Amino acid sequence: MPGELALIARIRAAAAGRHRHLRLGICDDCAILAPPPGHELLVTTDFSLEGHHFRRNWHPARSVGHRALTRGLSDIASMGGTPLAAFLSLALPRSVNPIWINDFLDGLLTLASASKTPLAGGDTSESPSDNILADIVLLGSAPAGKALRRSTARSGDRLYVTGSLGGAATELAALARSPRRYRNANPTDDHPHLYPQPRLAVGQTLLRRRLATACIDLSDGLSTDLAHLCTESNVAADVQAAALPLHPLTDSLSAEQALHNALHGGEDYELLFTARPGTRIPRSIAGVPITPIGVLRNARKSAPQVTLVKASGDRTPLAPQGWQHLL
Ligand SMILES: [Mg+2]
């Protein structure tokens with residue numbers, strides 16, 4: 001592995017800076033965090049494994065760093081939380097170019113800085129295989145007892161989604177076809193697969209204004225994540241196909257394929273939330289469009305958990321189609 005001490009020094013220098021709730025960062029055996037008074041800790045962990053979550057010959061290293069952190073930040077967003085600190089553990093094979101590591105860190109630290117998430121520690125090791133492994137632990141906070149959950153939706157609630165759907169799966173398919181086109185993709189442009197934006201401000205607003213009854217982030221695709229929410233809340237759902245906000249990238253696809261990507265394509269990292277029918281939900285929150293897409297019903301053994309309702313009124317059961325992270 002390219003110089004472990006140099007790598008740690010680089011991370012430490014890049015991660016330096018003062019953060020209100022981080023008493024001690026990368027300079028001792030442990031980090032010390034002081035969560036805001038009256039708050040609870042949220043903790044989530046995510047692997048990014050080469051060959052499963054990314055490919056070195058497809059994904060720019062910057063994107064790999066950005067996406068590794070996005071996965072954790074999106075989980076914090078779905079609970080309405082605020083990130084406190086991130087911890088990064090890296091296993092790097094000898095074959096990794098130091099430029100790759102620099103770009104990976106740039107991608108991760110740029111998003112960390114934009115989301116005010118200090119990198120507060122981690123570990124590095126040489127990987128015995130030829131695959132890179134990046135493991136992120138993310139800590140966040142939410143007012144005690146107030147974090148949004150997936151288990152608290154009720155029959156009659158309306159179903160909403162942030163942003164747009166299907167963009168990540170559509171861009172991933174294009175990336176697989178011609179990775180060179182994306183080598184210098186600009187992280188500040190809209191790249192739903194390479195640089196998804198975790199919806200932290202939306203989640204925090206939903207919590208603060210008590211707009212949502214339940215919330216989950218769309219990491220595995222609408223059909224799968226909505227099924228999780230329905231199972232945990234013991235409800236069923238009707239989704240209006242014509243209401244789904246399709247990402248503009250899906251314009252190049254057939255209507256059927258665009259709908260498929262919106263329903264089953266994973267990694268859009270939008271929020272799916274529910275609200276009481278009488279709650280007025282703004283058309284956008286923190287600059288992100290909010291779209292009503294359906295309604296919750298009582299769960300019944302004899303009826304499908306999630307039903308897709310076409311514009312014609314046709315109803316078809318929508319089975320969760322587990323997201324395979326790479327094609
Ligand atoms: Mg999640």
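Keep in mind that what you see is a predicted model, and the values were worked out from it rather than measured. For ligands, and for the atoms within them, numbers begin at 1 and follow the listed sequence.
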- Does the ring center of His193 lie less than 6.0 Å from the ring center of His59? yes
- Please name the atom of Asp217, restricted to N, O or S, that is closest to the Mg ion (ligand 1). OD1
- Query: Above 12 or not: heavy atoms from other molecules or residues under 6.0 Å from CG of Asn184?
  - Reply: no
- Task: Please check if any side-chain donor atom of His247 sits under 3.5 Å from a side-chain acceptor atom of Asp190, or the reverse.
- Result: yes
- Kindly give the atom name of the N, O or S atom of Asp75 closest to the Mg ion (ligand 1). OD1
- Item | Single-linkage hydrophobic cluster Leu73~Leu88, side-chain heavy atoms < 4.5 angstrom | yes
- Message: I'd like to know if the Mg ion (ligand 1) has an N/O/S atom from Asp225 within less than 2.8 Å of it, counting both backbone and side-chain atoms.
- Response: no
